[in-house]
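These numbers come from the heavy atoms of this one structure, side chains and all, not from hydrogens, waters or symmetry mates. Here the structure is a predicted model, which means the values were calculated and not measured.
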Amino acid sequence: MDTNERILEEVLVEEETVKQNEIVLFNDDVNTFDHVIDTLVDVCEHSPEQAEQCSLIVHYKGKCTVKTGEYDDLKPRCSRLLKAGLSAEIV
């Protein structure tokens, strides 16, 4: 093993893995599709099409992951979803 291979191997081993969390949105019988879509566009920075797809998944499956990332980024987003009257949690 030459020096370049050994250095490259050491760099790969030292890469930091960041734990990814998810915001899961749950179905409810209160909020309209439009409200859910508008909130996802605003809070999670979804495109209107992506937000509509998530709202349909939530409606038919009962829940959907709407945002993935680091906890510090997701916490305020989840709080905004809750303040908007949606049911969500970080997992």
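In this structure, V36 and V58 have side chains that are not in contact, with every pair of non-hydrogen atoms separated by 4.5 Å or more. With a 4.5 Å cut-off on side-chain heavy atoms, F26 and E89 count as touching. With contacts defined as side-chain heavy-atom distances shorter than 4.5 Å, the pair C78/L74 does not qualify. In this structure, N31 and D28 have side chains that are in contact, with non-hydrogen atoms separated by less than 4.5 Å. The shortest distance between side-chain heavy atoms of R77 and E45 falls below 4.5 Å. Counting heavy atoms from C-beta on, the side chains of E52 and F33 never come closer than 4.5 Å.
Clustering ILVMFWY residues whenever any of their side-chain heavy atoms sit less than 4.5 angstrom apart, transitively, puts V43 in a cluster other than the one holding I37.
Summarising the local packing, CD of E70 is surrounded by 12 or fewer heavy atoms from other residues, nucleotides or ligands at distances under 6.0 Å.
Note that CG of N21 and CD1 of I90 are 7.0 Å apart. Values are rounded to the nearest 0.5 Å. To the nearest 0.5 Å, the span separating OG1 on T39 from CG on L82 amounts to 11.5 Å.
Using a 4.0 Å cut-off between charged nitrogen and carboxylate oxygen, K67 and D73 do not count as a salt-bridge pair.
For E22, the side chain to side chain donor-acceptor pair (under 3.5 Å) criterion is met by T65, not counting sequence neighbours.
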